[in-house]
Amino acid sequence: MNQSIVIKNVNIVNEGQIKSTDVFIQNGFIEKIGNLSGEITKNAEIIDGTGKYLFPGIIDGQVHFREPGLTHKGDLRTESRAAVSGGTTSFIDMPNTVPNVLTTEIIDEKFRIASEKSWANYSFFLGVNNDNLDKVLQMDTSQFIGVSDDGLYFTKKGNLLADSPDTMGKLFSNCKSIIAIHSEMEQVIEENEEIYRAKYGEDVPIACHPLIRSGEGCYQSTKRAIAITEKHKARLHILHLTTEAETHLFRNDIPLKEKNITTEVSVQNLWFSDKDYQRLGTLIKWNPAIKTEQDRVGLLRALLDDRIDIITTDHAPHTLEEKQKPYFQSMSGAPMVQHSLYIMLELYRQGLITLEKIAEKMCHNVAILYGIEKRGFIREGYFADLTLVDLNSPWTVAKENILYKCGWSPLEGQTFQSKVTHTFVNGNLVYKNGTFSEFIPGQRLEFN
Ligand SMILES: O=C1C[C@@H](C(=O)O)NC(=O)N1
């Protein structure tokens, strides 16, 4: 359904600058940027961007959209629809679906389902664990965005990738693609669980979560992963950092393109801290756990000084019933993909980050880090994945406007000052002021 569209007099937030200009979209791509008039705009739909801000579409580097196998929590259609309403136009999905994504057949099946159901552009991590490691090492992994162990907790003690130096050594010395790790030491967690179970039984107070899944467990794991990476000259990406201490293990004195060790923070770790456990209970139970206020501030600082490279969500929907159980039974993770840009824009309003930095960490750097072709920037010849934002349009998160299949958010009751008014995916205006277009599937992300 590609239209010709001109967004007039808009402030484009791109590559470290904010510039007022016009943007011409045609045949799925950004055709021209500049002051446009006459012939070029004659047959185009005009959108007045006066006073608004145009970002490259957000690329979320870490989501769990739950399909196949866990579709009572979310699916590729519902969660990608929620994503585009919040300005996210591309996503990378993790391998802990059912079945786990441990073979090329399953990853191909996910691509097939996404091509029929996803509103946004997509790619998938191949899962890696002890069971498929030898096979993965024989595959041409250049066809995948990367390999990851995130959420693959089904094997027993010591078998988690990030907890098994032998497995890691084997993988890191052979794998050519990016290896994205969930970095917590299972052994530390299990020891802490025993201590707290002995004290409280099954119903451990949620405030103990960051003491069980402790900062020390994260730090030790990340430190070890970095040492193994350096030994084998591999390509490591540490997923969702949660502690200030870990941020000091990363460098900011080399350009992102040249880094072989990168990392990210998920928005909830810039927003919530341990002071929120009392109010929100297990709703904000995540793995790794949300830590202290000092960690939250330290993560933001590391984001601003480029030790942290990108912002993701780790969007991980579960039903309310699955969440509201005693500590050991309650699921970890919460939905976030619809609200990630709003959180960052609120931090901008609090004077904690610039709009340019938001575009860098949520768009440009994700494209650079994963080598995503022609997305993540507002440039002529690039895909027209664009998000138009009104910075002065307050609204409140409530059940009626939550689009996740699970139907809840830990942000309910939160008022945000900014609103996404238009989202373009591949040049199609798919979302406008609360209304969606007819369904137009997103595209498979290509890599360079
Ligand atoms: O790594 C993960 C996995 C995720 C999930 O629910 O899939 N939930 C989490 O809290 N962390």
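As a basis for the values below, the full set of heavy atoms in this structure was taken, side chains included, without hydrogen atoms, waters or symmetry mates. In listed order, ligands and their atoms are each counted from 1.
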Fill in: Shortest reach to atom 7 (O) of ligand 1 by a heavy atom, considering only Leu152, Ile284, Asn96, Thr97
Asn96
Worksheet, complete the sentence: Note: ligand 1 atoms sitting under 4.0 Å from heavy atoms of His182 are 1 (O)
Worksheet item: Hey, is Met94 touching ligand 1 through its side chain, its backbone, both or neither, going by heavy atoms under 4.0 Å?
Response: neither
Worksheet entry | Arg379/Glu15 salt bridge by N-O under 4.0 Å criterion | yes
Worksheet item: Any idea which part of His318 is under 4.0 Å from ligand 1, heavy-atom wise: side chain, backbone, both or neither?
Response: side chain
Practice prompt. Just go through His240, Met331, Arg66 and tell me whose heavy atom is the nearest to atom 6 (O) of ligand 1.
Written response: Arg66
Practice prompt. Would you check, one step at a time, whether the test ring-ring contact (aromatic ring centres under 6.0 Å, His included) holds for Tyr404 with His315?
Written response: CA-CA 10 Å; Tyr404 309 128; His315 172 80; 5.1 Å; yes
Worksheet entry | Asp75 bridged to Lys405 by N-O distance under 4.0 Å | yes
Practice prompt. Is it possible for you to check whether Arg296 lies under 6.0 Å from the centre of the six-membered ring of Phe272, through NZ or CZ, and within 45° of that ring's axis?
Written response: no
Worksheet item: If you draw the axis of the six-membered ring of Phe436, does the NZ or CZ of Arg81 fall within 45° of it and under 6.0 Å from the ring centre?
Response: yes
Worksheet item: Could an N or O of ligand 1 be found under 3.5 Å from any N or O of Gly333, whether backbone or side chain?
Response: yes
Practice prompt. Enumerate the atoms of ligand 1 whose separation from the nearest heavy atom of Asp150 is less than 4.0 angstrom.
Written response: 1 (O)
Practice prompt. Say whether Trp286, considering both its backbone and side-chain N or O atoms, lies within less than 3.5 Å of an N or O atom on ligand 1.
Written response: no
Discussion item. Which residues pass the side chain to side chain contact (heavy atoms under 4.5 Å, CB included) test with Asp253, not counting sequence neighbours?
Written reply: Arg251
Fill in: Asp93 with Lys110: basic N within carboxylate O range, under 4.0 Å
yes
Response to the item:
Logged contact type for Ala316 with ligand 1, heavy-atom cut-off 4.0 Å, is side chain
